[in-house]
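A short worksheet on the structure shown next.
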Amino acid sequence: MPNPRSDMNAMTSARLITVAVLTFQFAGIADDWPQWFGPNRDGIWRETGILETFPAAGPEITWRTPIGAGYSGPAVAKGKVYITDRHPDTERVLKGNKAGSNPGTDRILCLSESTGERLWEFKYPSSYGVSYPSGPRATPSVDGDSVYSIGTEGMFFCLDAHSGKLNWKVDLKARYNPKTQIWGHAASPLIDKDKVILIPGGEGTTVVALDKQNGNELWRSLSTRDPGYCHPIIIEAGGVRQLIIWHPESINALDPETGQAYWTIPWKIKAGLTIATPRQDGNHLFLSSFYNGSTMLRLGDRAPTAEIVWQSKKASERDTTELHSIISTPVFSGDHIYGVCSYGQLRCLTSRSGKRLWETFAATTSGNPVRWATAFLTPHKQRYFLFNETGDLIIAQLSPERYTEIDRVNLLKPTNDDARGRLVVWSHPAYANKHIIVRNDEEIIRVSLAK
């Protein structure tokens, strides 16, 4: 005979499951941002349940926490936020071009993601001899129970992510004897399986892989006078995984397991300005630099090869026809490329030829061209979030026809005075768990973007 109590329990369980599923669907997908450019290291924000426009009173700032100066963006993982900063030992910090030594203390900070409370700090002395000495450049990388961070002068640390205790460290300058570039070490660590991949520079050691458990070297590869500032990434093309290393002499693809080269495309970059992260779309790879402009590569379908499709012919910062990126990484999407050029022009190009379709200053300077003016572009569904150097967060649609601004709000005041007479925010944002986390040289804030 049917059991009424069993039937009732089954119905109740079904209702609970339905409620749970609907609740999950309403809440949407939530993601951490555990490294440079997010969980997939591709700069795309994939969370759902995000607002369409900002509330009339502005989005909710869930917390503000004081910090020191720095250019590094935050990493967010397992309820914690990791950020680096610097406190100089002298009141007068040398600005502009490289001009002597600035003693100070660099820190790796861990904050509660929900409250902004400082959970721990790891600090170490660091004397800067670089230009733009405000603070560390590279975003930390979180992997499991460890956080990995590289300082401006090449000190590399692996810390316990929960306590801040030192697991191991490597002084890259002492081990590999590279010359510190004029703007310091900026490439964020790349964690791949059992290894951490770094860009120390030096003869035969432009890129190295270390055992992520103890810092022992696994392989070394490439030689160049300056290693540049570009973050290493891993892509899939030609049937294999390819480690892309862009330094000021060439674009390279390596076997990430051995460091052996698959292919190399020579490209001499003025002033060592390999900064923007290479962008892949299918079997194409796009790169852009401040003076030299852009290069589009076609990647082999069946083997790890590459060839140039088109390349900018003018090495200029003013007379620009395609895209000359400096701080912000462009977005490459199918037939079109969106990015910020050398003087703040947000541009749309055709990816097939590099032809410019439109440009606007609305997202950066709101008017006149300004050297190095920038905005950081983050695709989200069918639109973009742009965080610009004035501290504005913009929601916009970018299409082959035009730039369409949907909404804008100011989140932070610009505090860094390294930009030749204007104050800027030159730190990349993190988008995690329906929030944006951004910093200037005085504070780091977490702002809700939940629908």
Side-chain angles (χ1 to χ4, degrees), residues 32-36 38-39 41 63 65-89 103-128 135-176 184-200 208-218 231 427 430 432-433 437 439 443-444 446:
D32 283 342
W33 197 270
Q35 62 175 333
W36 162 257
R41 210 172 173 94
W63 50 256
T65 297
I67 58 171
Y71 295 102
S72 64
V76 185
K78 298 180 180 179
K80 297 180 175 66
V81 177
Y82 303 88
I83 191 72
T84 61
D85 71 357
R86 176 170 176 79
H87 290 272
D89 290 348
T105 300
D106 283 5
R107 301 189 303 174
I108 305 167
L109 302 175
C110 175
L111 312 176
S112 165
E113 184 183 1
S114 59
T115 68
E117 175 191 3
R118 187 190 304 170
L119 303 179
W120 56 257
E121 70 172 33
F122 179 89
K123 58 184 180 180
Y124 59 98
S126 182
S127 185
Y128 280 21
R137 285 88 159 112
T139 298
S141 297
V142 186
D143 179 68
D145 295 325
S146 298
V147 57
Y148 301 84
S149 180
I150 185 170
T152 301
E153 291 285 353
M155 285 300 300
F156 181 70
F157 300 95
C158 172
L159 307 178
D160 182 278
H162 306 292
S163 67
K165 178 183 177 182
L166 177 65
N167 292 331
W168 54 268
K169 66 179 180 179
V170 174
D171 183 341
L172 297 179
K173 293 176 73 172
R175 179 183 284 191
Y176 298 113
H185 288 268
S188 295
L190 170 60
I191 311 300
D192 180 49
K193 299 178 182 178
D194 61 345
K195 55 191 171 292
V196 53
I197 296 171
L198 303 172
I199 312 291
V208 300
L210 309 182
D211 188 317
K212 70 180 184 181
Q213 300 298 330
N214 52 36
N216 293 337
E217 184 182 303
L218 300 176
H231 307 272
S427 176
N433 303 308
I437 301 177
R439 62 89 61 87
E443 63 178 349
I444 180 170
R446 182 173 186 248

Does the side chain of [Y] come within less than 4.5 Å of [X]'s, by heavy atoms?
{"X": "Pro39", "Y": "Pro34", "value": "yes"}
{"X": "Leu172", "Y": "Ile150", "value": "yes"}
{"X": "His231", "Y": "Leu190", "value": "no"}
{"X": "Glu217", "Y": "Tyr176", "value": "yes"}

Would you name the heavy atoms of [X] and [Y] that are closest together and state the gap between them?
{"X": "Lys80", "Y": "Glu113", "result": "N-CB, 3.9 Å"}
{"X": "Gly68", "Y": "Asp85", "result": "N-OD2, 2.7 Å"}
{"X": "Ala161", "Y": "Cys110", "result": "O-SG, 4.2 Å"}
{"X": "Ser146", "Y": "Asn167", "result": "OG-ND2, 3.7 Å"}
{"X": "Pro140", "Y": "Ala75", "result": "O-CB, 3.5 Å"}
{"X": "Thr65", "Y": "Gly116", "result": "OG1-O, 2.8 Å"}

From [X] atom [atom1] to [Y] atom [atom2], the distance as rounded to the nearest 0.5 Å:
{"X": "Thr115", "Y": "Arg446", "atom1": "OG1", "atom2": "CZ", "value": "9.5 Å"}
{"X": "Ile67", "Y": "His87", "atom1": "CD1", "atom2": "NE2", "value": "8.5 Å"}
{"X": "Leu159", "Y": "Ile108", "atom1": "CG", "atom2": "CD1", "value": "4.5 Å"}
{"X": "Leu210", "Y": "Lys195", "atom1": "CG", "atom2": "NZ", "value": "11.5 Å"}
{"X": "Thr139", "Y": "Arg41", "atom1": "OG1", "atom2": "CZ", "value": "9.0 Å"}
{"X": "Lys212", "Y": "Asp143", "atom1": "NZ", "atom2": "CG", "value": "3.5 Å"}

Geometric class of the Tyr124/Phe157 ring pair [parallel <30°, tilted 30-60°, perpendicular >60°]: tilted
Residues forming a side-chain hydrogen bond (donor to acceptor under 3.5 Å, both in side chains) with Ser72, sequence neighbours excluded: Thr84, Arg439
Trace of the side-chain contact (heavy atoms from CB on, under 4.5 Å) decision for Asp145 with His162: CA-CA 7 Å; Asp145 295 325; His162 306 292; 2.9 Å; yes
Arg118 vs Leu111, side-chain contact (heavy atoms from CB on, under 4.5 Å): CA-CA, chis, key distance, verdict: CA-CA 4 Å; Arg118 187 190 304 170; Leu111 312 176; 3.9 Å; yes
Pairing residues for Gln213 by the side chain to side chain contact (heavy atoms under 4.5 Å, CB included) criterion, not counting sequence neighbours: Asp211
Listed once per pair and sorted, the salt bridge (charged side-chain N to carboxylate O under 4.0 Å, His left out) pairs that draw on residues 146-163, sequence neighbours left out: Glu153-Lys173
Audit row: Val196, Leu198, side-chain contact (heavy atoms from CB on, under 4.5 Å) steps and yes/no: CA-CA 7 Å; Val196 53; Leu198 303 172; 4.1 Å; yes
Tyr128 six-ring face occupied by Arg86 cation (under 6.0 Å, within 45°): yes
Ring-ring centroid check Trp33 Tyr82, cutoff 6.0 Å: no
